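Below is one structure, written out as structure tokens, with a few remarks after it.
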2 protein chains.
Amino acid sequence: MNEQKQTVKPYVIGLDLGGTNSVFGIVDARGDIKATTAIKTGGFEHAEAYVEACMTALHPIIEEVGGIGTIKAMGIGAPNGNYYHGTIEYAPNLPWAHDVVVPLAGMFSERLGVPVALTNDANAAAIGEMTYGVARGMKNFIVLTLGTGVGSGIVIDGKLVYGSNGFAGELGHVVVRSENGRSCGCGRKGCLETYCSATGVARTAREMLIKDVRPSMLRGLTPEEITSLDVSVAAEKGDEIAQEIYRFTGHMLGEACANFAAFSAPEAFIFFGGMTKAGELIMKPIRESYQEHVQSLFKDAQFLISGLDGSSAAVLGASAIGWEL
Amino acid sequence: MNEQKQTVKPYVIGLDLGGTNSVFGIVDARGDIKATTAIKTGGFEHAEAYVEACMTALHPIIEEVGGIGTIKAMGIGAPNGNYYHGTIEYAPNLPWAHDVVVPLAGMFSERLGVPVALTNDANAAAIGEMTYGVARGMKNFIVLTLGTGVGSGIVIDGKLVYGSNGFAGELGHVVVRSENGRSCGCGRKGCLETYCSATGVARTAREMLIKDVRPSMLRGLTPEEITSLDVSVAAEKGDEIAQEIYRFTGHMLGEACANFAAFSAPEAFIFFGGMTKAGELIMKPIRESYQEHVQSLFKDAQFLISGLDGSSAAVLGASAIGWEL
């Protein structure tokens, strides 16, 4: 039956709905992207107009792979996405969704005539890793997405954790410094995200360049304009302060993971997002700090970098939700 | 079919295997204990001898309820219990299991001829709450057991979380003070358990009686001998320092729960164990601190005290695992 299904409907649509771009991919069961397209996310007053523009963009690529009859389902990864309701809820960065609840999954499903599921981008990444990436065959793991913020997708016993309200897995907002913590965009202090996101790394750079007197190529930049990429480039060139910044960041992540392990005893932590390009510069201090802080019961967890190709990872993640339907 | 099953095998056996006593109960589906017995846990050189003594004690109460044909299964709540393997692993307080892996579930199953499952006491408490207690009908909740240590049982989507190795849910060993934390028996520092267990409360009392100059009835006691019960009695009598100790303890718990919420978005936190007898003295600061620290997404969680009768709660919890088989 499975084989027949795959013959008849071999594809799912993935939509990576970001603040700037909405990227579509039509994906097969192996994670090969057969066709892709994109539109700007903004510029629409209402969700209706956004969905219309999406349909116009989707039509040609659906025809390209053989028509809607080849499509099993659609998955959407979106900020403030609620899986239970298929809604985007009060997403601050989406002009057509910042003060409303948009039933986006239903709107697409109605137009396409296929089932549509929606969740946040970090959850999509976790399902993507399980479907196409390094978590294939794993039942218990945690994905941490290191981007502008820190997101997470938690898989327990082969299922993504959505919790009582659909918003479980906000590990970027676990407080890791209960005293003198950095102020977070969520209104609280000391959240993991304030240290270990790309913006957190830039903040660490600014602090460290004041505290540490060693020479650094980062001193040539305007402090407010330093990015995590600048730090990564400098670190790779052997800049000691830049390397120290990654050690600090990795140390905080390892310490946080040691606490997360006590919750769900995952077999792996998987890191996703631009900052993982720093490779061992960040992974080594993560592993060392984890071993330093974790209870011996949980010391065997693996630390992996996402197995999904960078540029299409988010689309693959979104599409993977489609296979679950 | 369900009805027939219940007619034929209406009971499960629960074993609350503690460091001192092993308490058995034969329990029906409503949580009524039909027969009970107990033996001392220690005094046996090998697990074989312990199980033999258990069988001798069990025999008469099994006959009392109508023989082994009325027993569906057996559940065991035990320290260092591994659900996946049905084993007790290196339990420091059990003379016949402190340096070995004892396949206790299999040993009982062989002798009784019924399925036997085993997990740690906090997990048993969580299943007990779901089966007979305040969590009936809930799919996502966390039980925190406040005793000599702090244990936890996490239920997500109606299932207990065991994780990759069977040891998930060690929330008593989440580090809540990353700097200047109290030393923990696990060898690390700042674990929740060092603040919020009964021994943590006694420690807080000793610290506070030095720092705070107000009069207190606790000053009449030898500092090393103060227990959480002494603090509770004094607090109920209006002792200001004792009340401050409970405020501090509740504050730490509420702050920790705010972090736990980010993981699994539970609909309730349920507190279990002797310290909950302090009632509002501890529950009020927990709720207040939770609201102060939690992300707004998770502010609706309820805070409840275990619905299981104190003296038999652990036996009921253990028995509840039997119904899952």
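Scope of the values below: all heavy atoms of this structure, side chains included, with no hydrogens, waters or symmetry mates. All values derive from a computational prediction rather than experimental measurement. Here is how names work: the chains are called A, B, and so on, in the same order as the sequence lines, proteins then strands, and each is numbered from 1.
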[X] versus chain B, heavy atoms under 4.5 Å apart: side chain, backbone, both or neither?
| X | result |
| --- | --- |
| A:Lys189 | neither |
| A:Phe260 | both |
| A:Ile156 | side chain |

Tell me which of these, [options], has more heavy-atom pairs under 4.5 Å with chain A than the rest.
| options | value |
| --- | --- |
| B:Asp300, B:Val176, B:Val294, B:Val175 | B:Val175 |
| B:Gly163, B:Ala261, B:Gly187 | B:Gly163 |
| B:Ser164, B:Ser296, B:Cys184 | B:Ser164 |

Heavy-atom closest pair, residues A:Val161 and B:Ser264: CG1-CA, 4.2 Å

Minimum-distance pair of heavy atoms, taken over all atoms of B:His293 and A:Arg188: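 Where B:His293 meets A:Arg188 most closely, the heavy atoms are O-NH1, 2.5 Å.
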
Interatomic distance, [X] atom [atom1] to [Y] atom [atom2] [nearest 0.5 angstrom]:
| X | Y | atom1 | atom2 | value |
| --- | --- | --- | --- | --- |
| A:Lys299 | B:Asn165 | NZ | CG | 10.0 Å |
| B:Glu170 | A:Leu297 | CD | CG | 6.0 Å |
| A:Asn259 | B:Leu192 | CG | CG | 10.0 Å |

Note, B:Arg177 side chain near A:Glu179 side chain (heavy atom, < 4.5 Å):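 The answer is yes; the side chains approach within 4.5 Å.
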
Side chain to side chain, A:Ile142 and B:Phe263, heavy atoms closer than 4.5 Å: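 A side-chain contact under 4.5 Å exists here.
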
Between A:Phe167, A:Phe141, A:Tyr162, the one whose heavy-atom pairs under 4.5 Å with chain B are most numerous: A:Phe167

Greater than 12 external heavy atoms within 6.0 Å of B:Asn180's CG: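 No, not enclosed.
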
Contact origin within B:Glu255 toward chain A - heavy atom pairs under 4.5 Å: side chain

Chain A neighbours within residues 144-154 of chain B, where any heavy atom lies under 4.5 Å away: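 Counting heavy atoms that sit under 4.5 Å from chain A, the residues of residues 144-154 of chain B involved are B:Ile154.
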
Heavy-atom contacts under 4.5 Å, residues 115-131 of chain A to chain B: none

